[in-house]
Structures are given as structure tokens and as C-alpha cells.
Amino acid sequence: MKGTIMEKRNEARKAGAHRTRMRRKRRQNKSSVLCIALISLMLLGVMAVQILSLYGRNQVYEVKEEELQAQLESEQQRQQELKEYEEYVKTKDYIEQTAKSKLGLVYPDEIIFKEKEKDD
């Protein structure tokens, strides 16, 4: 009988020790899961902030791209106007107009009429 009581006590101790180990493992598992969840949430938060930051930068770059595109079109139009003016400068009409307006030159058979200034 003594052997059985001692065996029962040993079995009870082993069972208690087993339960204690299981409780510790459950606590460790819960804390591990909690830590992993917190780390995951932190990473998710950091990524969300980065995404919002990149989205904002993208918006700024799109506006800048539109402005630069408009500026490019304006400069291309100006370039076309300069080419047309360059072609005009090479013509005889331009040379005649400049000679008349700036130098006061006229053709030999040309008559110039000037308006008389009125005296008050």
C-alpha cells in the first residue's frame, strides 16, 4: 500500500509539473503571438506612412510634369515663330521695309508725301 501511495504522489507531482509546464508554454505562445502581432502592426503602419508619402510626391511630380509639358509646347511654338521670322528676314520685302523705316531710303522714282504739321 505504501508503494501505491508513493506512486500516486509521484504521479500527482508529475502531473502538476506537466500542467505547470503547459501553462508556461501557453503563456509564452500567447506573448509570442502578441509580439508578432505588434511587430506586424508597426510594419503595417510604417508602410502606410511611406505609401502616403510616395503618393504625395507622385502628385507633386505629376503637376510639375504638366507645367514642364506646357512650357515645352510654348517653347516649340516660339521656335516655330523664330524660324518663320528668320525666313522673313531673308526676304526682299524685309530689306526694303528696314531701309525705308530706319535709314529713310527710297527708290529713285518714288515720291514721298509728308503731312505738314499744323501751327497752333
K.L.:
Please report the interatomic distance NZ(Lys64) to CZ(Arg57), rounded to the nearest 0.5 Å.
P.N.:
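If I round to the nearest 0.5 Å, the distance is 13.0 Å.
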K.L.:
Taking atom CD of Glu86 and atom CD of Glu84, what is their separation to the nearest 0.5 Å?
P.N.:
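Interatomic distance, Glu86 CD to Glu84 CD, rounded to 0.5 Å: 11.5 Å.
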K.L.:
So, taking the atom named CG in Leu34 and the one named CD1 in Ile39, what distance separates them when rounded to the nearest 0.5 Å?
P.N.:
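Result: 10.0 Å between the selected atoms.
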K.L.:
Among residues at least two apart in sequence or on other chains, which ones pass side-chain contact (heavy atoms from CB on, under 4.5 Å) with Leu103?
P.N.:
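Leu103 satisfies side-chain contact (heavy atoms from CB on, under 4.5 Å) with Leu105 only.
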K.L.:
With sequence neighbours left out, what residues match Glu115 under salt bridge (charged side-chain N to carboxylate O under 4.0 Å, His left out)?
P.N.:
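Per chain and number, Glu115 pairs via salt bridge (charged side-chain N to carboxylate O under 4.0 Å, His left out) with no residue.
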K.L.:
Considering residues at least two apart in sequence or located in another chain, which fulfil the side-chain hydrogen bond (donor to acceptor under 3.5 Å, both in side chains) criterion with Gln59?
P.N.:
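side-chain hydrogen bond (donor to acceptor under 3.5 Å, both in side chains) list for Gln59, sorted by chain: Tyr55.
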K.L.:
Can you spot which of Glu73, Gln79, Glu81, Glu75 makes a side chain to side chain contact (heavy atoms under 4.5 Å, CB included) with Gln77?
P.N.:
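Single side chain to side chain contact (heavy atoms under 4.5 Å, CB included) partner of Gln77 among Glu73, Gln79, Glu81, Glu75: Glu81.
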K.L.:
Just how far is it from atom CG of Asn58 to atom OG of Ser53, taken to the nearest 0.5 Å?
P.N.:
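One finds 11.0 Å between CG of Asn58 and OG of Ser53.
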K.L.:
Rounded to the nearest 0.5 Å, how far does OH of Tyr94 lie from CD of Glu87?
P.N.:
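The CD atom of Glu87 sits 14.0 Å away from the OH atom of Tyr94.
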K.L.:
Could you state the interatomic distance from CG (Leu41) to CD1 (Ile36), rounded to the nearest 0.5 Å?
P.N.:
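It is 12.0 Å, given to the nearest 0.5 Å.
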K.L.:
For the residue pair Val89 and Ile95, what are the closest heavy atoms and their distance?
P.N.:
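For Val89 and Ile95, the tightest heavy-atom pair comes out as O-CG1, 4.5 Å.
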K.L.:
For the backbone of Ala70 and the side chain of Ser74, can you confirm whether one donor and one acceptor N or O come within less than 3.5 Å of each other?
P.N.:
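Checked: no pair found.
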K.L.:
Answer whether the closest heavy-atom distance between the side chains of Val46 and Met42 falls below 4.5 Å.
P.N.:
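No; the side chains remain at least 4.5 Å from each other.
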K.L.:
Is the CD atom of Glu65 crowded by more than 12 outside heavy atoms at less than 6.0 Å?
P.N.:
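Atom CD in Glu65 is not crowded, with 12 or fewer foreign heavy atoms closer than 6.0 Å.
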